[in-house]
Amino acid sequence: MLELQLLRRDPDFVKKKLAVKNFQPLSLVDEVLSVDERRRKMQGEMDEVLNKSNIISKEIGGLYRNGQRDEAERKKSEASALSDQAHEMKKELQKVEKELFDLMVHLPNLPHDCVPPGKDEHDNEVVKEVGELPELNGEYVKPHWELAEMFNIISWELGVKITGAGFPVYIGKGARMQRAMIQYFLDEAVKAGYMEYQVPHLINEDSGFGTGSLPDKEGQMYHCRDDNFYLIPTAEVPLTNLYRGDMLKEDELPIKLVGYTPCFRREAGSYGKEVRGLNRVHQFDKVEIVQFTTPELSYKTLDAMVAHVEGLLKNLGLPYRILRLCGGDATFASALTYDFETYSAAQKLWLEVSSVSNFETFQTNRMKLRYKAKEDGKKHLVHTLNGSALALPRILATIIENYQTPEGIVVPEVLRPYTGFDIIN
RNA sequence: GGAGAGGUGCCGGAGUGGUCGAACGGGCUCGCCUGGAAAGCGGGUGUACCCCAAAAGGGUACCGAGGGUUCGAAUCCCUCUCUCUCCGCCA
């Protein structure tokens with residue numbers, strides 16, 4: 001959630017930034033301000049009534065103590081009227097507060113200065129492209145879903161039997177590849193100073209709200225009706241919410257967390273080749289890194305996280321490119337997002353395998369996560385960042401396609417200590 | 001799932017209708033004392049919102065959450081939630 005003070009201070013700036021994000025209608029900003037003004041006025045009036053009521057109540061207490069019962073009784077009706085009035089005002093105020101909140105919740109985060117304007121993925125900016133696009137020839141240009149079936153390492157059919165489409169079952173070396181990647185990614189993160197966590201895969205509403213997943217992405221999450229829990233769409237949600245509501249000391253920052261979890265996404269509305277094979281599934285595994293930091297350091301931190309993800313891709317030997325997402329393609333909560341894509345040779349397709357974002361104070365304003373500055377002891381909202389490091393299925397898809405040979409699928413060197421085999425055949 | 005006990009400030013822990021934003025103790029912090037320290041003494045020590053150009057100051061709310069009773073609620077009533085103990089079930 002944006003900070004209301006910012007809207008009050010500089011509504012034009014906010015509008016300008018929202019325009020970059022392709023947000024409509026900008027008049028929402030004015031609406032917020034007018035509701036906010038109404039709210040303040042109402043609160044002032046209510047406080048005044050409450051103040052009077054409190055004074056009289058105290059007087060009544062005093063009168064009783066002095067034995068002036070009659071005088072006290074007489075004052076009661078006056079006090080009663082005031083408290084009724086305050087009660088009504090409170091109800092009205094709550095309505096307006098709710099109104100204000102509902103409006104604020106619909107404002108996305110403001111994009112960072114370097115975010116290019118734009119509508120959708122076509123306007124994203126390619127920042128960097130690394131590695132040779134592999135030239136496959138002859139018959140060895142099969143897409144990963146064919147190879148996976150061929151070597152019996154993934155079964156879509158079994159997944160359908162157990163659950164439904166989009167729930168692949170990994171078998172034998174396929175399962176071990178998964179486990180190897182998880183372990184490798186976790187080890188690399190721990191080496192880089194991240195604290196490993198194992199967190200719940202179900203979250204409550206407050207957690208969903210904290211990261212901005214609710215109400216914005218409600219339809220994307222699986223919901224357990226009976227208990228009102230949601231299946232996590234990413235470890236970002238539980239990891240970030242670990243610190244919800246806290247007041248940190250500046251010395252405690254930065255905080256670096258890493259966690260492996262499965263991720264569940266309904267992906268309503270997806271279709272076609274987009275969802276073939278591992279390209280888009282309802283359940284997948286991911287290692288996620290999260291950082292909490294000060295506003296001064298958060299963009300440096302973002303760079304460091306980008307570098308970390310880049311390191312992983314380099315080590316896996318996959319051709320990749322980094323995109324700076326344009327305003328329209330970046331998510332609701334992010335101020336700046338870099339997407340990583342690997343090139344899947346057989347599909348001749350760039351697949352998104354990581355997304356690294358700085359949310360600045362957008363999440364912490366919702367979560368009320370602050371820190372006390374060393375300098376002046378003042379409280380500020382913490383900056384949050386996160387990134388996939390990495391999401392497994394598309395990495396696996398890319399490995400399967402790019403490393404196919406007449407003998408089988410060659411396992412990238414860095415994974416071999418974890419898999420215990422060097423070829424899938 | 002059943003029965004019971006309980007959630008108070010940074011921590012411990014009082015408080016069962018008015019003078020309670022909350023005793024007392026600890027912690028932390030500032031000052032005095034000291035060559036320095038300890039002990040001791042004295043002061044300070046929550047958050048959010050509103051009024052105010054700002055500061056000073058003032059107001060309101062907050063004792064797990066939300067409602068209710070009352071002129072007045074940390075205190076009484078209801079609902080929810082979490083923790084603990086016992087029983088049942090169980091990886």
Side-chain angles (χ1 to χ4, degrees), chain A residues 1-10 32-105 198-210 214 224-230 238 241-253 262 361 364-382:
Chain A
M1 197 150 55
L2 293 175
E3 293 167 72
L4 192 53
Q5 287 82 345
L6 178 63
L7 270 78
R8 280 193 210 150
R9 210 182 321 128
D10 199 347
V32 164
L33 289 175
S34 97
V35 175
D36 176 48
E37 210 175 308
R38 194 144 47 91
R39 190 198 108 240
R40 278 145 73 190
K41 190 160 166 269
M42 286 172 78
Q43 183 176 338
E45 288 165 1
M46 184 185 78
D47 284 354
E48 237 171 84
V49 173
L50 278 171
N51 180 225
K52 278 189 205 154
S53 166
N54 285 345
I55 289 170
I56 295 180
S57 288
K58 269 182 196 146
E59 282 172 10
I60 292 173
L63 290 170
Y64 272 120
R65 252 172 281 121
N66 293 331
Q68 295 168 266
R69 293 198 140 264
D70 296 347
E71 182 65 21
E73 290 298 326
R74 236 173 293 135
K75 289 233 171 203
K76 274 193 187 178
S77 64
E78 192 186 341
S80 183
L82 283 171
S83 103
D84 285 350
Q85 195 189 345
H87 194 250
E88 286 307 309
M89 292 171 105
K90 192 184 168 193
K91 274 198 228 161
E92 287 304 308
L93 180 64
Q94 281 173 335
K95 261 190 229 162
V96 175
E97 276 171 348
K98 170 115 190 347
E99 203 182 319
L100 181 63
F101 178 83
D102 287 345
L103 292 175
M104 287 297 289
V105 152
Q198 283 202 9
V199 289
H201 302 164
L202 265 59
I203 49 150
N204 59 29
E205 242 177 301
D206 287 346
S207 297
F209 178 77
L214 287 173
C224 308
R225 272 180 162 264
D226 285 349
D227 301 286
N228 199 23
F229 293 147
Y230 292 86
N241 274 284
L242 253 17
Y243 286 86
R244 170 152 45 90
D246 286 5
M247 177 70 71
L248 302 167
K249 294 192 195 88
E250 189 169 349
D251 306 353
E252 297 178 73
L253 298 170
T361 61
T364 51
N365 191 32
R366 295 174 154 229
M367 292 198 296
K368 300 289 167 259
L369 167 55
R370 292 167 298 166
Y371 73 97
K372 214 172 245 183
K374 231 179 185 170
E375 224 18 43
D376 52 5
K378 286 217 173 112
K379 296 160 194 86
H380 307 278
L381 291 168
V382 169

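In the text below, chain A, chain B and the rest are named by the order of the sequence lines, each starting its count at 1. Computed from a predicted structure; not experimentally measured. Computed from heavy atoms alone, side chains included, the values below leave out hydrogens, waters and symmetry copies.
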Which pairs, with at least one residue in residues 74-102 of chain A and sequence neighbours excluded, count as a ring pair (Phe, Tyr, Trp, His ring centres under 6.0 Å)?
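Matches after skipping sequence neighbours: Phe101(A)-Phe209(A).
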Using whole Å, what does the distance between atom [atom2] of nucleotide [N] and atom [atom1] of [X] come to?
{"X": "Arg65(A)", "N": "rC71(B)", "atom1": "CZ", "atom2": "P", "value": "17 Å"}
{"X": "Glu71(A)", "N": "rC71(B)", "atom1": "CD", "atom2": "P", "value": "17 Å"}
{"X": "Tyr64(A)", "N": "rG72(B)", "atom1": "OH", "atom2": "C1'", "value": "10 Å"}
{"X": "Asp206(A)", "N": "rC82(B)", "atom1": "CG", "atom2": "P", "value": "12 Å"}
{"X": "Gln85(A)", "N": "rU60(B)", "atom1": "CD", "atom2": "P", "value": "15 Å"}
{"X": "Asp226(A)", "N": "rG1(B)", "atom1": "CG", "atom2": "P", "value": "11 Å"}
{"X": "Phe101(A)", "N": "rC49(B)", "atom1": "CZ", "atom2": "P", "value": "15 Å"}
{"X": "Gln43(A)", "N": "rC52(B)", "atom1": "CD", "atom2": "P", "value": "13 Å"}

Protein within reach of the bases, or only the backbone? For nucleotides 61-67 of chain B, mark each nucleotide 5' to 3' as B, S or -, using heavy atoms under 4.0 Å.
S-----S
Where do Lys91(A) and Glu88(A) land on the salt bridge (charged side-chain N to carboxylate O under 4.0 Å, His left out) test, with the steps shown first?
CA-CA 5 Å; Lys91(A) 274 198 228 161; Glu88(A) 286 307 309; 3.8 Å; yes
Taking atom [atom1] in both [N] and [M], what distance in whole Å separates the two?
{"N": "rC10(B)", "M": "rG46(B)", "atom1": "C1'", "answer": "9 Å"}
{"N": "rG21(B)", "M": "rG26(B)", "atom1": "P", "answer": "25 Å"}
{"N": "rU75(B)", "M": "rG7(B)", "atom1": "C1'", "answer": "15 Å"}
{"N": "rG64(B)", "M": "rG9(B)", "atom1": "C1'", "answer": "14 Å"}
{"N": "rC24(B)", "M": "rA37(B)", "atom1": "C1'", "answer": "29 Å"}
{"N": "rU29(B)", "M": "rC82(B)", "atom1": "C1'", "answer": "34 Å"}
{"N": "rU60(B)", "M": "rA73(B)", "atom1": "P", "answer": "13 Å"}
{"N": "rG1(B)", "M": "rC77(B)", "atom1": "C1'", "answer": "27 Å"}

Quiz: residues 38-47 of chain A side-chain donor-acceptor pairs under 3.5 angstrom, not counting sequence neighbours:
unit_1	atom_1	unit_2	atom_2	d
Arg38(A)	NH2	Glu99(A)	OE2	3.1
Arg39(A)	NH1	Asp36(A)	OD1	2.6
Arg40(A)	NH1	Asp36(A)	OD2	3.1

Mind checking who [N] pairs with, Watson-Crick or G-U wobble, both distances under 3.5 Å?
{"N": "rC76(B)", "answer": "rG68(B)"}
{"N": "rA91(B)", "answer": "none"}
{"N": "rG40(B)", "answer": "rC32(B)"}
{"N": "rG27(B)", "answer": "rU45(B)"}
{"N": "rC20(B)", "answer": "none"}
{"N": "rA5(B)", "answer": "rU83(B)"}

State the [atom1]-[atom2] distance between [X] and [Y], to the nearest 0.5 angstrom.
{"X": "Cys224(A)", "Y": "Ile203(A)", "atom1": "SG", "atom2": "CD1", "result": "10.0 Å"}
{"X": "Ile56(A)", "Y": "Asn51(A)", "atom1": "CD1", "atom2": "CG", "result": "10.0 Å"}
{"X": "Asn365(A)", "Y": "Leu2(A)", "atom1": "CG", "atom2": "CG", "result": "8.0 Å"}

Contact class for Lys58(A) (heavy atom, under 4.0 Å): base, sugar-phosphate, or nothing?
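It contacts nothing in the nucleic acid.
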Scan Arg8(A) against the nucleic acid and name what it touches under 4.0 Å (heavy atoms): base, sugar-phosphate only, or nothing.
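Arg8(A): backbone/sugar contact only, no base atoms under 4.0 Å.
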Could you say whether Lys372(A) or Glu48(A) is positioned toward the 5' end of RNA chain B, judged by the nucleotide with the nearest heavy atom to each?
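Nearest-nucleotide comparison on RNA chain B picks Lys372(A).
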Salt bridge flag under 4.0 Å for residues Lys98(A) and Asp102(A):
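Yes, this pair counts.
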Minimal non-hydrogen separation, [X] against [Y], with atom names:
{"X": "Glu205(A)", "Y": "Asn228(A)", "result": "OE1-ND2, 2.6 Å"}
{"X": "Asp206(A)", "Y": "Asn241(A)", "result": "O-OD1, 4.1 Å"}
{"X": "Ser207(A)", "Y": "Arg244(A)", "result": "OG-NH2, 2.9 Å"}

Which residues pass the side chain to side chain contact (heavy atoms under 4.5 Å, CB included) test with Arg9(A), not counting sequence neighbours?
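If we apply the side chain to side chain contact (heavy atoms under 4.5 Å, CB included) test to Arg9(A), skipping adjacent residues, the hits are Gln5(A), Leu6(A).
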I want to check something: taking the side chain as every heavy atom from C-beta on, are Arg69(A) and Tyr64(A) in contact at a cut-off of under 4.5 Å?
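Heavy-atom side-chain distance check passes, below 4.5 Å.
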Near-strand residues of residues 73-83 of chain A, defined as heavy-atom separation under 4.0 angstrom from RNA chain B:
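Only Lys76(A), Ala79(A), Ser80(A), Ser83(A) qualify.
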Taking only heavy atoms on the protein side, list every residue of residues 32-42 of chain A lying under 4.0 Å from any atom of RNA chain B, sorted numerically.
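By residue number: Arg39(A), Arg40(A).
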Out of rG18(B), rU47(B), rC49(B), which nucleotide sits closest to the side chain of Ser57(A)?
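Comparing rG18(B), rU47(B), rC49(B) against the side chain of Ser57(A), the answer is rG18(B).
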Please determine whether a side-chain nitrogen or oxygen atom of Asn51(A) lies at a distance below 4.0 Å from atom OP1 or OP2 of rG59(B).
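Negative; the distance criterion is not met.
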List the steps and the verdict of side-chain contact (heavy atoms from CB on, under 4.5 Å) for Leu214(A) and Tyr230(A).
CA-CA 10 Å; Leu214(A) 287 173; Tyr230(A) 292 86; 3.6 Å; yes
Could you check whether Ser57(A) and Asn54(A), counting side-chain N and O atoms only, form a donor-acceptor pair closer than 3.5 Å?
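Side-chain D/A pair, Asn54(A) to Ser57(A): absent.
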